Protein chains: 2
Amino acid sequence: MPVSIEDVAKLAKVSISTVSRVINRRELVNEQTRARVESAIQELGYRPNAFARGLMLRRSEIVALVLPDLHGEFYLEIIRGANLKARALGYNLVVSSFNGSDDGGSLLYALEQRALLDGLAVMISDAGAHIGPALAASRLPFVVLDDEIEGPAHDSVIINQACGAATLMRHLLTNCGVRRVIFVGGPATNTDTQARLTSCREVLKAAGLALPSSSVYHLDYLYETAYVLASKHLPEWRGRDACIVAANDEMAAGIVAAANSLGVEIPNDIAVVGFDDTRIARMTRPPLTTVRVPTSAMGASAIEILCQRIAEPQRPPTRISLDPELVVRESCGGNRSEKR
Amino acid sequence: MPVSIEDVAKLAKVSISTVSRVINRRELVNEQTRARVESAIQELGYRPNAFARGLMLRRSEIVALVLPDLHGEFYLEIIRGANLKARALGYNLVVSSFNGSDDGGSLLYALEQRALLDGLAVMISDAGAHIGPALAASRLPFVVLDDEIEGPAHDSVIINQACGAATLMRHLLTNCGVRRVIFVGGPATNTDTQARLTSCREVLKAAGLALPSSSVYHLDYLYETAYVLASKHLPEWRGRDACIVAANDEMAAGIVAAANSLGVEIPNDIAVVGFDDTRIARMTRPPLTTVRVPTSAMGASAIEILCQRIAEPQRPPTRISLDPELVVRESCGGNRSEKR
DNA sequence: TTGAAAGCGCTAACAG
DNA sequence: CTGTTAGCGCTTTCAA
């Protein structure tokens, strides 16, 4: 028993256009008529049919945020930031995630095909995902988070991984006496891991130090595997001038735990640092020095420029770059004060 | 330059009805005509307009999962389970979350109003949220996760908190020599916290023990506040027969950390247990005994019965109850083996 | 097997 | 200020 605009019109004894006006441009309607219409709407519990509306208006006021398979809590802040911004701009946000198993293309395909969306913010964290082409082929306004995709120019919000990793490395070299780095990354195809590794290498190189590939490990971003790896290698890794750089906090936490159970003291016997500044970073003993990615801001920025593009499709592509912030805690020696 | 069904018809030299038939009921169309139409669709990159389609079909093949403000990683598994099930059933899933700040009603309102959804799975974890009435008032098929709402009968998937908490308590009483409990919950209005507390009380009472309200604390589910609370009270709490029951793992982790830094040994000086079996539960020293909620199954079940209702609106309400599982680790003494 | 035509519920000119 | 009317793009009888 769906109640339509016509039912309202009938009850209020006006034409459907008047009802439509009351809904969309109240100021054009006589006060008394408006009151009549509004009470009719109330009485009937009328809600405009979104499909019909969308058909005319050619927009749904819905934007989507598509994230890769969620590992850890890293994404929650992005969602939160995006959510807030979307609502502030009068859009509804829907969040989808695609599992690592499918290539992501299928989800995008489904979303596009049903194209109920006004726009799309996609995060691609694995260079292997075949999302780029599908996205570029669609006519949907989109913005890419934390990555670049091939093809034509587009809006993007990126984290300046190089800056974050470099800041971290410089801190380690300058304030913590680090001369030797073990890098524990996520999958080798993961773009964040790649960027962080590259940047570490560069800073080390600039300081006349090397990061041989024998000191680089690629895991899966998880605590357990990092724990296992560290349990095995810590005896050979340890050293006052050594530092384990994990590509996320969770792995760093696993490494710290391994060290604790082996009696390896952090940061005295070896330093450990992470990335992301998730809650976990404060839950290790000692707490982790890490690099805070402005996740919430990232989500918000993405939605913001997406909505700008929707409003003005011809504007030149925007590229927002956000700098991470170094968060110094006690897992790396040196300066002990936590930046606030 | 949106290409419509008419463009395709023109290019293929058929009527729009034929194009429509090719898309929806290919078997009714002559093979050769079909081929012509299909290549025209290809050539033009035609995609049916979802609004027009929805207008006729009265469905979008989209269902939504709405979660409260996300604290911790607890929800990710729900999303994952729901996602998989939805795709398997031919639906697209969108996930929304509402922040604690708004009452949730506004999000629901927006979703309903725009009613592009075929159905809704909502999780309500705070009895204070005014979602129930709004939901019941809508004509949208819906299923409620992990809670009951007032009003007419409806589908729901609930976690049998009583069962989980009772199993935990019985283990503590029987195998760990616990005689005294300190309960550290989330907000007093949180229904999970309420259910867990109630159930703890009952089991204690059945054993002739009491849980006075002076031993019940209501925090915010966060590590830090639990850490602070425990740091202050552990000296008075401690005792071989005492156990701190935290309503989630994160708070339990905070309590464990506080104990570690005070030199209070777990489980010898006092036991600590959590709820949810999130990753954090394995990241404390010692690892946490906790109650695993079948989160992924919960998401999947919710979507499943939602889609059943969409297909068959008149079916009687279903209520699925999922039992949590006790996960015994080392934070509570007694049986040391981890259940697998 | 195909086409013509009637809407689905709504918005937006265009008259009055 | 309000009503009439023409679509938006699609599916679906109903005839041919």
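Throughout, protein chains are lettered first and strands after them, A, B, ... in sequence-line order, and every chain is numbered starting at 1. What you see is a predicted model; the values in this text were computed from it and never measured.
- Rounded to 10 degrees, the angle separating the terminal helix axes of the helix from C:dT1-D:dA16 to C:dG16-D:dC1, each built from five base pairs, is 40°.
- Between B:K13 atom NZ and C:dT2 atom P there is a gap of 16 Å when expressed in whole angstrom units.
- Between A:R59 atom CZ and D:dC8 atom C1' there is a gap of 14 Å when expressed in whole angstrom units.
- Proximity of a side-chain donor or acceptor of A:S4 to a complementary backbone N or O of A:E6 within less than 3.5 Å is detected.
- You'll find the side chain of B:R26 reaches within 4.5 Å of the side chain of B:E38, heavy atoms only.
- With A:D118 contributing its side chain and A:S60 its backbone, the two residues share a donor-acceptor pair below 3.5 Å.
- In the region residues 28-36 of chain B, proximity to DNA chain C at under 4.0 angstrom, judged on heavy atoms, holds for B:V29, B:N30, B:T33.
- Looking only at distances, no side-chain donor or acceptor of A:S20 sits under 3.5 Å from a matching main-chain atom of A:I16.
- Atoms NZ (B:K10) and P (D:dG9) sit 12 Å apart, rounded to a whole Å.
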How would you summarise protein contacts on nucleotides 7-13 of chain C per nucleotide, using B for base, S for sugar-phosphate only and - for none, with heavy-atom distances below 4.0 Å?
BBBBBBB
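- A donor-acceptor pair shorter than 3.5 Å can be found between the side chains of A:R53 and A:N24.
- Taking a cutoff of 4.0 Å between a charged side-chain nitrogen and a carboxylate oxygen, B:E77 and B:R80 qualify as a salt bridge.
- Side-chain contact between A:I78 and A:L145 is present, with at least one heavy-atom pair separated by less than 4.5 Å.
- Other residues, nucleotides and ligands contribute only 12 or fewer heavy atoms inside 6.0 Å of the CD atom of B:Q314.
- B:M123 and B:D146 make their closest contact through CE-OD2, 3.7 Å (heavy atoms, listed as atom of the first residue, atom of the second, distance).
- Between A:I62 and B:V94, the closest side-chain pair of non-hydrogen atoms is not below 4.5 Å.
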